[in-house]
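Basis for what follows: all heavy atoms, side chains included, without hydrogens, waters or symmetry-related copies.
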Amino acid sequence: GILLARLLQPNDFGTFALAVTLFAFADIRVKLQLEQKFLRDQDDRAEYLNAYFTLSFALACVSLMVMSAGAIIVVMLNRADLAICLFFLGALGLMDPLTSAIRLSIEKKVAFRAISLIQTLVAVTQFGVTLAAAWLGWGLWSLLAGTGASALVNLGLFLRIAPRRPTWQVNVSLARAFLEYGIKYG
């Protein structure tokens, strides 16, 4: 962190922090706490996993649309750098439903060792790529490069160890149950 603070400008950190904060507000999927319902329910059927994944992905698409609209507004305010960050984070959010569906299906089996190893590798990847890119003078883009690299490594490793890969499958009653839970508790 100290090295990054020396290599990057305060404006780079501020722009990225603002983009991450705006994404946190716009990320509907996380706010509905669907992960908690998925973990709480001891339903191990593929249909349940698929319903969770499909609904999560649909909500990630909504979040991307919100981030894209925000990016358009930000461009009109002459902040193209912030707009790119907003769109980039929204697009990366499309990978998270698949990653989280696999991770949660592993957590349900109380197999935390693999998850811990992956999370450690992802953190090292993010820091390493960010630091290398900052060293090369990429500025703000080094923060995006590290975030993107870590998301790709995270997805790739979880796909590699996935006991079952989710597919797009809509079960209206399960989706409704997830949404009802999310609206009530999220």
Side-chain angles (χ1 to χ4, degrees), residues 1-8 12-40 49-50 52-64 67 81-82 84-168:
I2 293 170
L3 288 173
L4 286 176
R6 302 297 292 157
L7 293 171
L8 299 175
D12 298 334
F13 284 112
T15 299
F16 190 72
L18 181 56
V20 169
T21 301
L22 291 172
F23 179 70
F25 282 120
D27 192 4
I28 298 163
R29 188 183 62 77
V30 171
K31 289 190 183 33
L32 290 178
Q33 299 180 8
L34 303 181
E35 288 187 359
Q36 290 179 0
K37 177 169 175 43
F38 184 82
L39 282 174
R40 185 197 71 174
L49 175 68
N50 294 338
Y52 166 77
F53 167 66
T54 302
L55 182 58
S56 289
F57 188 79
L59 292 171
C61 288
V62 171
S63 295
L64 175 60
M67 293 299 282
D81 57 345
L82 179 57
I84 291 168
C85 289
L86 291 174
F87 183 77
F88 184 79
L89 292 174
L92 280 182
L94 295 177
M95 284 192 273
D96 196 48
L98 180 57
T99 303
S100 71
I102 295 169
R103 178 182 48 82
L104 293 173
S105 65
I106 295 169
E107 283 182 13
K108 273 189 172 184
K109 296 178 194 239
V110 194
F112 298 116
R113 184 171 187 263
I115 293 170
S116 295
L117 287 171
I118 288 172
Q119 289 174 335
T120 300
L121 287 171
V122 167
V124 168
T125 299
Q126 181 170 7
F127 181 72
V129 169
T130 302
L131 186 61
W135 192 269
L136 292 171
W138 290 15
L140 170 63
W141 313 118
S142 61
L143 295 167
L144 292 178
T147 303
S150 68
L152 290 171
V153 168
N154 195 35
L155 179 61
L157 291 175
F158 273 113
L159 283 171
R160 184 171 172 85
I161 68 165
R164 181 185 323 162
R165 291 183 183 177
T167 60
W168 281 286

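- How far CG of L143 is from OG1 of T15: 9.5 Å, rounded to the nearest 0.5 Å.
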For residues 24-35, which side-chain donor-acceptor pairs fall under 3.5 Å, sequence neighbours excluded?
residue, atom, partner, partner atom, Å
R29, NH2, D96, OD2, 2.1
K31, NZ, A24, O, 2.2
K31, NZ, F25, O, 3.2
E35, OE1, R103, NH2, 3.3
E35, OE2, R103, NH2, 3.1

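- Heavy atoms only, all atoms of each residue included: I115 and E107 are closest at CD1-CG, 3.2 Å.
- A distance of 11.0 Å separates CG of L59 from OG1 of T54, quoted to the nearest 0.5 Å.
- Annotation for P166 and L49: closest pair CB-CG, 3.9 Å, computed over non-hydrogen atoms.
- Expressed to the nearest 0.5 Å, how far OG1 of T99 lies from CD1 of I118 amounts to 9.5 Å.
- Annotation: the span from L64 atom CG to L86 atom CG amounts to 11.0 Å, rounded to 0.5 Å.
- Under the rule for a ring pair (Phe, Tyr, Trp, His ring centres under 6.0 Å), the partners of F57 that lie at least two apart in sequence or sit in another chain are W168.
- Between F16 and L144, the closest side-chain pair of non-hydrogen atoms falls below 4.5 Å.
- Within the structure, the side-chain hydrogen bond (donor to acceptor under 3.5 Å, both in side chains) test picks out no pair touching residues 109-122 (sequence neighbours left out).
- Across L89 and F23, no two heavy atoms sit closer than the pair O-CE1, 3.7 Å.
- Taking every heavy atom of both residues into account, S105 and F38 meet most closely at N-CE2, 3.9 Å.
- Side-chain contact between T167 and F53: absent, with no pair of heavy atoms (C-beta onward) separated by less than 4.5 Å.
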Let me check something: any side-chain donor-acceptor pairs from residues 148-163 under 3.5 Å, sequence neighbours excluded? List them with distances.
residue, atom, partner, partner atom, Å
S150, OG, G146, O, 3.3
S150, OG, T147, O, 2.9

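- The structure places OG of S142 at 6.5 Å from CG of D12, a figure rounded to the nearest 0.5 Å.
- Here the CG atom belonging to L18 is positioned 15.0 Å from the CZ atom belonging to F13, to the nearest 0.5 angstrom.
- Legend: residues meeting salt bridge (charged side-chain N to carboxylate O under 4.0 Å, His left out) with K108, ordered by chain and number and at least two apart, are absent.
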Review item, side-chain donor-acceptor pairs of residues 125-141, under 3.5 Å, at least two apart:
residue, atom, partner, partner atom, Å
T125, OG1, L121, O, 2.8
T130, OG1, Q126, O, 2.7

